[in-house]
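First up is the structure itself, then whatever we jot down about it.
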Amino acid sequence: MRRTAALGAAGTLVTGALLAGAIATPAAAGDRRPGGTTEARGVAIAAARAAAAGIKWQDCPADWGLAAPIQCGYVTVPVDYAKPNGRTLKIAVDRAAATGTPQQRQGALVYNPGGPGGSGMRFPTRVTGKNPLWAKTAQAYDFVGFDPRGVGHSAPISCQDPREFTKAPKADPVPDSEADKRAQRKLAYAYAQGCLERTGRTVLSQMTTANTARDLDVIRAALGEKKLNYLGVSYGTYLGAVYATLFPDHVRRMLVDSVVNPSREKIWYQANLDQDIAFETRWGDWKKWVAKNDAAYHIGDTPEKVQAAWEKLRATAKKQPIGGVVGPAELTGFFQSAPYYDSSWAEVAQVWSAYLAGDAKPLIDNAGPHPADTAGNIKAENSNAVYTAVECTDTKWPTSWRTWDRDNTRVNRQAPFMTWSNAWMNLPCASWPVKQQTPVEVGTGKGLPPVLIVQSTRDAATPYDGAVELHKRLAGSRLITERDAGSHGVTGLVNPCINDRVDAYFLKGTTDAADVTCAPHATPVPQKKAVKAAG
């Protein structure tokens with residue numbers, strides 16, 4: 001799961017949804033049997049059509065930023081799988097061909113980076129950019145990315161005018177009064193209504209993980225693959241888990257990295273509360289690292305002093321937004337990348353250090369909005385819209401503000417860094433304007449091969465318990481644990497204990513006889529070079 005800054009402005013409504021039409025029946029989810037529901041029959045119909053049509057591969061549009069030899073195309077899927085002959089949308093896909101010999105090739109490897117709302121279209125650049133961690137796997141597989149329904153080039157949805165979404169400064173996410181809470185509740189309700197008005201009921205009601213998993217099976221068929229090879233990170237692990245449950249005999253190899261807890265009791269309300277606590281833990285890890293490297297950053301030589309400096313920075317930004325645009329919400333949005341990824345530890349610390357030394361520009365450039373970046377703002381708004389639409393439609397959320405207030409007040413006492421930001425981001429789900437579904441009961445189905453699960457113990461975005469829970473639910477799966485580490489997205493890091501096993505799994509289909517625990521990857525070192533401005 002990914003986080004962005006808290007909501008700060010009501011949605012500006014426009015006429016005309018991206019896919020106008022009659023109200024569709026929301027898709028049912030929860031039946032593991034691929035042939036056991038109306039939607040499953042719809043998938044079979046759509047997949048057969050996609051297999052017959054294939055994908056018309058061609059050079060990617062110039063403004064997609066995907067240079068040859070990467071190729072792009074589309075796969076047509078139903079908006080509603082209960083109505084496979086009804087309205088359709090096009091899913092954007094791309095690929096980089098396997099670099100090995102024809103004898104080495106094992107098919108296509110399809111990727112989802114998370115979100116909900118993340119685009120996988122950059123995945124083929126791991127081949128064209130010659131990423132050494134993936135060089136061996138790239139010899140055997142075409143690397144295939146896609147924009148899930150509603151994302152990017154796949155009939156993008158919207159909930160708010162992008163200019164309003166990225167406008168800063170936003171209100172401080174940490175409320176000082178009941179009036180602050182009422183204001184945030186009003187914004188959340190307006191955002192939910194904006195999703196309905198700007199996207200339309202037909203599409204919004206079908207924005208679910210189960211439908212994205214069905215889309216994935218149609219993509220598999222369009223690629224000419226009898227079975228799916230899949231790599232999913234973060235939310236992509238939940239997408240993979242749902243796919244493995246609905247289509248177990250369509251899976252060839254599946255690796256999931258940094259795992260969302262798939263329990264129905266966790267999806268999605270409790271998962272976000274659990275995430276708040278995990279973020280606080282990892283925030284503490286970063287503060288210790290900053291204190292240890294005080295000679296480089298001069299922020300504080302103990303974690304307590306670093307925390308005091310953070311609180312002072314927040315108070316300063318609350319009293320007078322830095323550069324007129326960086327308030328407490330924007331600070332949280334930027335600083336959360338440190339507990340998210342330890343590759344950001346040095347950069348965030350250096351930006352903060354520069355500010356304390358009298359240079360506010362790096363902080364303003366990195367944490368503030370970029371009003372001239374129209375494409376980037378549209379992308380950010382779209383990504384947040386899909387995140388909200390999928391999580392809100394996937395499952396039933398509490399509708400009582402008393403419940404939200406009680407739970408987030410309680411969690412905030414032990415985890416103040418992210419709790420209220422997270423609460424406001426998800427609060428539109430309390431007044432969601434389309435029917436909320438019942439999540440798929442994730443578990444092993446007949447024919448599912450061993451799934452490889454990779455997880456760090458101190459991951460903030462997807463706490464470790466999620467990997468343990470998925471491991472229990474998928475019989476025959478193997479869990480690789482990176483101990484004493486917490487970066488999100490383990491397979492993208494240099495750790496031979498993990499990298500070698502990933503290669504062995506994709507190249508040979510082999511896993512260890514038992515679960516494995518690996519030592520952590522290298523700890524970041526202080527950044528000595530000047531910080532680059534974002535943009």
Side-chain angles (χ1 to χ4, degrees), residues 1-18 114-119 147-173 180 183-200 203-204 207 235 272 317 321-337 364-393 418 420-433 534-535:
M1 299 187 294
R2 61 115 184 93
R3 302 259 60 86
T4 61
L7 295 172
T12 302
L13 308 183
V14 298
T15 58
L18 290 161
S119 168
D147 276 345
R149 59 169 56 203
V151 175
H153 307 297
S154 297
I157 69 167
S158 174
C159 292
Q160 189 176 20
D161 185 328
R163 293 169 297 182
E164 291 296 313
F165 179 77
T166 55
K167 188 169 69 175
K170 294 178 171 62
D172 185 351
D180 288 347
Q184 292 283 6
R185 291 169 63 189
K186 183 178 179 180
L187 291 174
Y189 178 81
Y191 188 83
Q193 291 300 307
C195 293
L196 179 63
E197 299 261 354
R198 293 175 70 92
T199 295
V203 176
L204 196 62
M207 290 293 297
Y235 166 77
N272 279 280
I322 299 166
V325 293
V326 179
E330 289 72 31
L331 285 177
T332 301
F334 172 61
F335 274 78
Q336 71 185 13
S337 63
I364 296 167
D365 287 345
N366 282 276
H370 300 276
D373 183 12
T374 302
N377 295 338
I378 291 173
K379 180 179 178 181
E381 191 279 326
N382 168 243
S383 179
N384 199 83
V386 175
Y387 168 88
T388 307
V390 172
E391 291 210 0
C392 293
T393 311
M418 280 289 295
W420 282 113
S421 292
N422 212 357
W424 306 132
M425 182 174 179
N426 293 296
L427 190 58
C429 299
S431 55
W432 198 235

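All of these numbers come straight from a predicted model, not from anything done at the bench.
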Excluding sequence neighbours, so at least two apart, what forms side-chain contact (heavy atoms from CB on, under 4.5 Å) with [X]?
X: Pro169; value: Pro321, Glu330
X: Pro328; value: Asp172, Pro173, Arg314, Ala317, Lys318
X: Thr374; value: Ile378

Side chains of [X] and [Y]: does their closest heavy-atom pair fall under 4.5 Å?
X: Arg149; Y: Val203; answer: no
X: Pro369; Y: Lys167; answer: no
X: Asn384; Y: Met425; answer: yes
X: Tyr387; Y: Asn426; answer: yes

Output yes when a side-chain donor or acceptor of [X] lies under 3.5 Å from a complementary backbone atom of [Y], and no otherwise.
X: Ser154; Y: Asp147; result: yes
X: Asn382; Y: Val151; result: no
X: Ser337; Y: Phe334; result: yes

Identify the heavy atoms of Gly117 and Ser383 that sit nearest to each other, and give their distance.
->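 Shortest heavy-atom separation between Gly117 and Ser383 comes out as O-OG, 3.4 Å.
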
State which residues pass side-chain hydrogen bond (donor to acceptor under 3.5 Å, both in side chains) with [X]; sequence neighbours excluded, sorted by chain then number.
X: Ser431; answer: none
X: Thr166; answer: none
X: Asn377; answer: none

How far apart are the C-alpha atoms of Trp432 and Thr393, what are their side-chain angles, what is the distance that settles it, and do they pass the side-chain contact (heavy atoms from CB on, under 4.5 Å) test?
-> CA-CA 8 Å; Trp432 198 235; Thr393 311; 2.9 Å; yes

Spacing of [atom1] belonging to [X] relative to [atom2] belonging to [Y], to within rounding of 0.5 Å:
X: Leu204; Y: Thr388; atom1: CG; atom2: OG1; result: 10.0 Å
X: Cys195; Y: Ile157; atom1: SG; atom2: CD1; result: 6.5 Å
X: Ser158; Y: Glu381; atom1: OG; atom2: CD; result: 3.5 Å
X: Lys379; Y: Asp373; atom1: NZ; atom2: CG; result: 10.0 Å
X: Lys170; Y: Gln184; atom1: NZ; atom2: CD; result: 10.5 Å

Is there a side-chain contact (heavy atoms from CB on, under 4.5 Å) between Met207 and Thr199 once you walk through the steps?
-> CA-CA 10 Å; Met207 290 293 297; Thr199 295; 5.6 Å; no

Find out whether the Lys NZ or Arg CZ of Lys186 is both under 6.0 angstrom from the six-membered ring centre of Tyr191 and within 45° of the ring's axis.
->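 No - Lys186 does not lie over the ring of Tyr191 by the 6.0 Å and 45° rule.
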
